[in-house]
Chemist: 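Got a structure here, written out as structure tokens. Questions coming.
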Amino acid sequence: MITGKAMISLFYLAFFLNLSEARLLLPLPHTLRSFKINTTQVATSCSYTVKISTSCFSTRYTRDQISLAFGDAYGNQVYAPRLDDPHTRAFESCSTDTFQINGPCTYQICYLYLYRYGYDGWKPKTVTVYGHYISPATFYYNTFIPNAIWYGFNYCNAGFFSAT
């Protein structure tokens with residue numbers, strides 16, 4: 001017969017194992033060597049709020065150039081070059097930075113890529129995009145961004161995307 005303490009221990013063990021397996025199922029970011037910025041879309045009729053949390057395991061601060069591109073499955077893309085600004089102390093470790101970005105209107109955001117150029121390094125934890133007509137979309141990085149390459153997620157054709 002299993003005692004109450006043993007039952008509780010088994011419950012916590014099962015919970016921990018399920019939590020560990022769930023983390024393993026989270027997709028990892030990937031590199032894109034042929035990612036192209038859509039420069040023909042100049043419409044700026046929609047406003048987005050982008051919150052970027054930097055990991056506590058990142059470098060203390062970065063002087064690297066940080067850019068962002070996100071969009072939907074229909075080819076609508078928002079591009080934000082040079083979010084970095086050393087004078088505002090953006091992208092310090094254990095911090096969250098908020099940016100207001102204007103761009104073309106999109107349907108649900110299903111891809112997001114970051115671009116870093118420099119020598120300091122940077123490890124974002126999460127990036128969340130908010131818009132007036134879309135559900136917030138969160139992308140979980142928690143890894144260092146490689147230098148001089150677009151790095152991120154594309155869930156547009158994968159049949160998997162979870163808005164938060």
Side-chain angles (χ1 to χ4, degrees), residues 19-20 22-72 75-156 160-164:
L19 185 60
S20 297
R23 287 184 183 164
L24 292 176
L25 295 176
L26 284 177
L28 298 174
H30 60 275
T31 60
L32 275 184
R33 298 188 193 290
S34 64
F35 185 66
K36 302 248 189 274
I37 296 300
N38 189 347
T39 57
T40 61
Q41 292 187 0
V42 293
T44 57
S45 56
C46 284
S47 176
Y48 301 90
T49 300
V50 177
K51 289 189 178 185
I52 301 176
S53 295
T54 298
S55 170
C56 293
F57 297 103
S58 185
T59 54
R60 186 169 158 230
Y61 64 92
T62 187
R63 294 165 293 189
D64 294 351
Q65 299 173 13
I66 308 293
S67 298
L68 167 82
F70 61 85
D72 63 22
N76 300 303
Q77 182 183 85
V78 178
Y79 172 57
R82 298 296 309 264
L83 294 173
D84 54 284
D85 182 357
H87 302 294
T88 63
R89 299 173 60 144
F91 307 121
E92 289 186 331
S93 64
C94 297
S95 68
T96 300
D97 298 292
T98 303
F99 303 93
Q100 296 299 319
I101 299 171
N102 293 319
C105 296
T106 67
Y107 294 96
Q108 185 59 47
I109 302 301
C110 58
Y111 73 84
L112 185 138
Y113 290 96
L114 295 169
Y115 185 89
R116 179 188 70 81
Y117 182 78
Y119 300 101
D120 293 335
W122 176 55
K123 183 178 184 178
K125 188 173 180 182
T126 61
V127 179
T128 303
V129 179
Y130 303 87
H132 290 291
Y133 304 108
I134 60 171
S135 298
T138 301
F139 298 85
Y140 298 90
Y141 278 84
N142 208 26
T143 188
F144 282 94
I145 303 298
N147 190 41
I149 195 158
W150 286 101
Y151 193 66
F153 302 89
N154 186 342
Y155 301 133
C156 296
F160 168 80
F161 184 74
S162 176
T164 55

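As the structure is a computational prediction, the values presented were derived from the model and not from experiment.
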Chemist: In terms of side-chain heavy atoms, does Y111 have a donor or acceptor partner in Q77 at a distance below 3.5 Å?
Modeler: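 Distance-only check passes for Y111 and Q77.
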
Chemist: Taking salt bridge (charged side-chain N to carboxylate O under 4.0 Å, His left out) as the cut-off, I'd like each qualifying pair that reaches into residues 102-123, sequence neighbours left out, listed once.
Modeler: R63-D120, D64-R116

Chemist: For the atom pair OH (Y115) and CG (N147), what is the distance rounded to the nearest 0.5 Å?
Modeler: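 If I round to the nearest 0.5 Å, the distance is 7.0 Å.
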
Chemist: I'd like to know if the side chain of Q108 reaches the main chain of D72, judged simply by a donor and an acceptor atom lying under 3.5 Å from each other, with no hydrogens or angles considered.
Modeler: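 It does not hold such a pair.
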
Chemist: Near Y117 OH, under 6.0 Å, is it more than 12 heavy atoms from other residues, nucleotides or ligands?
Modeler: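 Not buried by this count: 12 neighbours or fewer within 6.0 Å.
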
Chemist: Take I52 and F91 through the side chain to side chain contact (heavy atoms under 4.5 Å, CB included) test and state the conclusion after the steps.
Modeler: CA-CA 8 Å; I52 301 176; F91 307 121; 4.0 Å; yes

Chemist: Check whether any side-chain heavy atom of V50 sits under 4.5 Å from a side-chain heavy atom of L68, and report yes or no.
Modeler: yes

Chemist: Could you measure the distance from the CG atom of D84 to the OG atom of S67? Nearest 0.5 Å is fine.
Modeler: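 Rounded to the nearest 0.5 Å, the CG-OG separation comes out at 7.0 Å.
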
Chemist: Taking all non-hydrogen atoms of both residues into account, name the closest pair between P124 and T143 and its distance.
Modeler: CD-O, 3.5 Å

Chemist: Would you mind listing every salt bridge (charged side-chain N to carboxylate O under 4.0 Å, His left out) that reaches into residues 91-112, with sequence neighbours excluded?
Modeler: R89-E92

Chemist: Atom SG of C110 and atom OH of Y155: how far apart are they, to the nearest 0.5 Å?
Modeler: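 Answer for the SG-OH pair, C110 versus Y155, is 10.5 Å.
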
Chemist: Roughly how far, to the nearest 0.5 Å, is the OG1 atom of T98 from the NZ atom of K51?
Modeler: 5.0 Å

Chemist: With rounding to the nearest 0.5 Å, note down the distance linking OH in Y151 to CD1 in I145.
Modeler: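 With rounding to 0.5 Å, OH (Y151) is 6.5 Å from CD1 (I145).
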
Chemist: Is a side-chain N or O of T59 found less than 3.5 angstrom from the main chain of G121, in a donor-acceptor match?
Modeler: yes

Chemist: Less than 4.5 Å apart, any side-chain heavy atom of L114 and any of Y141?
Modeler: yes

Chemist: Only one of L112, T49, T106 clears side-chain contact (heavy atoms from CB on, under 4.5 Å) with V129; which?
Modeler: L112

Chemist: Test your reading of the model: is there a side-chain donor-acceptor pair from S55 to the backbone of K125, 3.5 Å cut-off?
Modeler: no

Chemist: With heavy-atom distances below 4.5 Å as the criterion, would you say the side chains of R82 and I66 are in contact?
Modeler: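 Not touching, per the 4.5 Å side-chain cut-off.
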
Chemist: Going through the checks in order, is the side chain to side chain contact (heavy atoms under 4.5 Å, CB included) test met by I109 and F139?
Modeler: CA-CA 10 Å; I109 302 301; F139 298 85; 4.0 Å; yes

Chemist: In the structure I gave you, are the side-chain heavy atoms of I101 and S47 within less than 4.5 Å of one another anywhere?
Modeler: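 The answer is no, as the side chains (C-beta and beyond) never meet within the 4.5 Å cut-off.
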
Chemist: Go through it in stages, so that I can follow the logic: the residues are T96 and S53, the test is side chain to side chain donor-acceptor pair (under 3.5 Å), and I'd like the CA-CA distance, side-chain angles, deciding distance and then a yes or no.
Modeler: CA-CA 4 Å; T96 300; S53 295; 3.0 Å; yes

Chemist: Is there a donor-acceptor pair under 3.5 Å between the side chain of Y79 and the backbone N or O of F70?
Modeler: no

Chemist: For V78 and N102, which heavy atoms make the closest approach, and how far apart are they?
Modeler: CG1-O, 4.3 Å

Chemist: Decide whether S93 and S58 meet the rule of one side-chain donor and one side-chain acceptor closer than 3.5 Å.
Modeler: no

Chemist: Establish, from distance only, whether the side-chain atoms of W122 and T54 form a donor-acceptor pair under 3.5 Å.
Modeler: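 Yes, because at least one side-chain N or O of W122 sits under 3.5 Å from a partner of the opposite role on T54.
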
Chemist: Return the OH to OG distance between Y61 and S95, rounded to the nearest 0.5 Å.
Modeler: 14.0 Å

Chemist: Around atom CZ of F144, are there more than 12 heavy atoms of other residues, nucleotides or ligands at under 6.0 Å?
Modeler: yes

